Amino acid sequence: MSDDPLLRVDDLSVHFGGNNGILDRFLGDDKGVVRAVDNVSLDIGENDVVALVGESGCGKTTLGKAMIGLQRPTSGTVRFRGQDIWKSDLEPGDIPYKEIRKSLQMVHQDAGNSLDPNRTIFKNLNPALKKWRPELNLVERRELVHQMLDTVGLTPADDYASRYPHQLSGGEAQRTVIVRSMLLEPDLILADEAVSALDVSLRVNLMDLLLELQEMFSTSFVFISHNMANARYLAGRADGRIAVMYLGRIVEIGPADEIIKNPQHPYTKSLLWATSGLSEINDPIETPPVRKIDIPDPENPPSGCRFHTRCPEAREYCTSNTPDLSGMSGPSDRHEAACFDAHDRIDYRNSEPLTDDLDIDVADDAEQPAD
Amino acid sequence: MATQHTKQKMPDEPTAEHNVLEITNASVAFAMERGDARVLDDVSINVRRGEVLGVVGESGSGKSMLADSMLDAIDSPGTLTGDVVFNPPEGGEPIKVNDLSKEELRRFRWERVSMVVQGALDSFNPTLSIGDHFVETLRAHDYDIQEGMERARQLISDVHLEPDRVLDAYPHELSGGMKQRALIALSLILDPDVLVMDEPTAALDLLMQQSILKLLSELKTEYDLTIVIVTHDLSHVARISDRLAVMYAFELLELGPVQDIVMDPAHPYTRELLNSIPDIDADLDEMASIEGTSPDPLNVPKGCSYHTRCPLADEQCRTTNPDLIEVSEDHGAACFYTDEARETIPLKKEVSK
Ligand SMILES: Nc1ncnc2c1ncn2[C@@H]1O[C@H](COP(=O)(O)OP(=O)(O)OP(=O)(O)O)[C@@H](O)[C@H]1O
Ligand code: SF4
Ligand code: SF4
Ligand SMILES: [Mg+2]
């Protein structure tokens, strides 16, 4: 029991569509199965921070929701302190569902819209407290709300508590929603693009706030982001990990610093290419390090390694064999990648490079030599 | 209104030949319940032929208002005052854009200055195929359809899409990145001189964003375009831009070559903004947000609009609004204390030259 991590995701898949899925209705056939999450395994420890990054539609939000019990998996399990969160018959000694749901909270992308515009901030925060912390009376609830508003810098707290959502700036609304999830003292918070809606000049503040709360309450955090710089900031400061997703799979995971400075998967490298810092303004924009800029149709994902249609390193072998996520030999034993090239597999080395034309910029590559 | 600073006002840049668009004292006002809102305040800026001009600023700073002004496309009830003048590249009479008739404007907006508006992904008609959009546009402007569709196919492959597939597709069948590229192709169909793009990549992934910027720089060379890109993300456009214009609270605070703006900005706001960007290369401990928030249009502070957040603000700043003055060649800032700003607000990121 004590060996169990806070949350263990094991071989988890979530498929949408098929016979009665919503996608079908407008596709009009039953081929439209989207494997939003495909055989993902991941452990989240106590006090752990993981940033999930990837392109839109790669399955980040679906994986996150499945992890906290908001999305039923098609197969595989999610265990909270060792207990399957979808287990149907509870036995004596099991953690009650209510307890699990309270322990796993989410902060949404468009935080502002999730506040009721017709209620004051206190009245927005009160119902959840009443439901999940029934032991508290009104005075204690008010006290707690004020304390938390104070903690996140919404001071004077009694002023903010009596405001309506439209009287808050975007950043303040975002902090209010964070307060709402923290009030329940959860063990894990899933924050879905919670930072990117804010102005650049305010992001660092909000990220610092999240990190402070994480430390103060020893809460574990899963951050979903399409932005490598934000992921690095959050995971880097908390000594956490970055997990990179592509078409339903985690293709690389490791300590933030390792992923940024020593990426192993060609897809991670392409995301980092796209995140050029200000130090590079004097260099012209290079050609993207992928063979195609568009993501394949998720209903019809490529065989073998799913990145092979875009990967600059792809070889014949990658089209029919699927690489597993496995440990890199290197400074960190927590660094794993799913790529034959990264692991220098001999079958991969011996097969032919894929030879389709580079999608981009062929014209720029000067004249062909005459020979 | 005499101000005591000794530096020069930004000299009027070159001449009509160099400036494809000349915007002088542009202001936009909306009548609102709580009073008149000035959402663009007396902005003057020239767009030079062949450049990429990046317009950056936080949400609500008036970037879109400036972009819309370039085509006299402010939604009524908003009103634009000031002058917007277009100088045809082939020579001839300058066109005063805000004097054009409705019909003249309609042509101007496709043939002279074309725009991809913010949130444009929804601007395709869902009941028409992508090809229909091209045909409709050509027809509405009395262009030869066959010839025009040849150009359409070329443009579509220029943005790395397959013409056969994309022309027959309906908008919902394309991903966000494909739609955005199809829109860029459509906006170029009548061969405009200037392309104005408002947050062209905001809804897209980083990889797609960068790829689109790369495409734009290719299109610029191929079609001899002048490009204006409006964005909240400075680090994103820095590499493609020749000059950057920094907006804050509906005003232009700083303008200059991108190297100057990023490596040696003169305005306190620009300096603090650069320090606040979560940059991939920067030291984690050195990033810090700017305290406070930007003003709302009904409540812009008197004097310098940044004084409520500026560490250098003094009495003069609280009462007098500084003009944009030249701080070095071709580089202007609207601040009384640019030397002090450079001394007291160090830049935390190193930019390699
Ligand atoms: N139709 C309108 N009526 C009243 N105010 C408006 C209207 N349209 C825009 N505004 C206001 O004008 C100001 C400037 O808006 P603008 O759209 O130019 O900002 P922006 O810099 O483009 O912001 P963003 O980055 O969010 O797109 C904002 O305060 C906005 O609320
Ligand atoms: S396994 Fe092959 S296709 Fe996949 S990322 Fe590695 S090299 Fe590229
Ligand atoms: S004019 Fe004054 S308040 Fe405004 S930016 Fe300069 S120093 Fe700051
Ligand atoms: Mg805008």
Side-chain angles (χ1 to χ4, degrees), chain A residues 26 53-58 169-172 195 197-208 226-234 236-237 256 260 267 270-290 292-295 297 310 359-361 363-364, chain B residues 56 58-61 160-161 172 174-178 181 203-218 232-236 238-241 258-259 262-263 269 272-282 284-285 287-291 293-294 296 349-353:
Chain A
F26 79 98
V53 298
E55 284 162 292
S56 82
C58 74
S169 74
E172 290 168 344
V195 214
L198 286 187
D199 265 329
V200 180
S201 71
L202 304 174
R203 281 185 201 166
V204 169
N205 259 356
L206 183 75
M207 293 196 278
D208 283 343
H226 66 279
N227 182 321
M228 270 284 189
N230 292 348
R232 167 193 179 239
Y233 191 84
L234 286 161
R237 298 221 82 165
I260 302 296
Y267 178 62
S270 74
L271 290 182
L272 286 165
W273 165 83
T275 319
S276 56
L278 279 171
S279 56
E280 290 159 72
I281 57 152
N282 291 312
D283 313 331
I285 304 180
E286 304 130 35
T287 300
V290 286
K292 287 197 165 49
I293 56 181
D294 287 303
I295 316 184
D297 181 358
R310 301 169 75 194
D359 191 43
I360 291 186
D361 232 8
D364 280 7
Chain B
V56 302
E58 292 173 63
S59 174
S61 59
H160 298 290
L161 292 169
H172 76 264
L174 303 182
S175 72
M178 295 168 109
R181 273 136 65 211
L204 306 171
D205 303 298
L206 290 177
L207 190 50
M208 184 56 69
Q209 292 183 10
Q210 280 286 344
S211 306
I212 286 182
L213 292 182
K214 170 74 181 166
L215 283 176
L216 283 172
S217 61
E218 288 167 10
H232 66 282
D233 194 342
L234 188 156
S235 45
H236 212 68
R239 266 170 97 180
I240 189 186
S241 301
V258 68
Q259 282 80 5
V262 173
M263 297 193 278
Y269 172 66
E272 296 200 297
L273 180 70
L274 281 165
N275 286 341
S276 76
I277 296 174
D279 190 84
I280 194 85
D281 301 324
L284 285 179
D285 295 327
M287 302 177 214
S289 292
I290 306 181
E291 294 300 327
T293 52
S294 25
D296 103 75
K349 285 163 203 135
E350 284 209 2
V351 175
S352 55
K353 172 64 232 190

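Computation of the quantities below employed the complete heavy-atom set of this structure, encompassing side-chain atoms and omitting hydrogens, waters and symmetry-equivalent molecules. All figures in this text were calculated on a predicted structure; none of them were measured in a lab. A, B, ... follow the sequence lines: proteins, then strands. Residue 1 opens every chain.
The shortest non-hydrogen separation linking B:Pro278 to A:Arg203 is CG-CB, 4.2 Å. Across all their heavy atoms, A:Ile293 and B:Met208 have their closest contact at O-CE, 3.5 Å. Scanning both residues, A:His226 and B:Asp205, for their nearest heavy atoms gives CB-OD1, 4.3 Å. In this structure, A:Pro288 and B:Lys214 approach most closely via the heavy-atom pair CD-CG, 4.3 Å. Closest approach of A:Ala229 to B:Asp279, counting heavy atoms only: CB-C, 4.4 Å. The heavy-atom pair separating A:Asp294 from B:His160 by the smallest distance is OD2-O, 4.3 Å.
Summarising the geometry, atom CG belonging to B:Leu206 is positioned 9.0 Å from atom CE belonging to A:Met228; distances are rounded to the nearest 0.5 Å. The structure places OG1 of A:Thr287 at 7.0 Å from CD of B:Glu218, a figure rounded to the nearest 0.5 Å.
Within the 4.5 angstrom heavy-atom criterion, atoms from both the backbone and the side chain of A:Asp283 approach chain B. Interface residue B:Leu161: only side-chain heavy atoms are found under 4.5 Å from chain A. Looking at B:Ser175, the atoms closer than 4.5 Å to chain A (heavy atoms on both sides) all sit in the side chain, from C-beta outward.
The residue among B:Arg239, B:Glu272, B:Gln210 with the most heavy atom pairs within less than 4.5 Å of chain A is B:Arg239.
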Run A:Leu278 and B:Ser235 through side-chain contact (heavy atoms from CB on, under 4.5 Å) and show every step you take. CA-CA 6 Å; A:Leu278 279 171; B:Ser235 45; 3.7 Å; yes
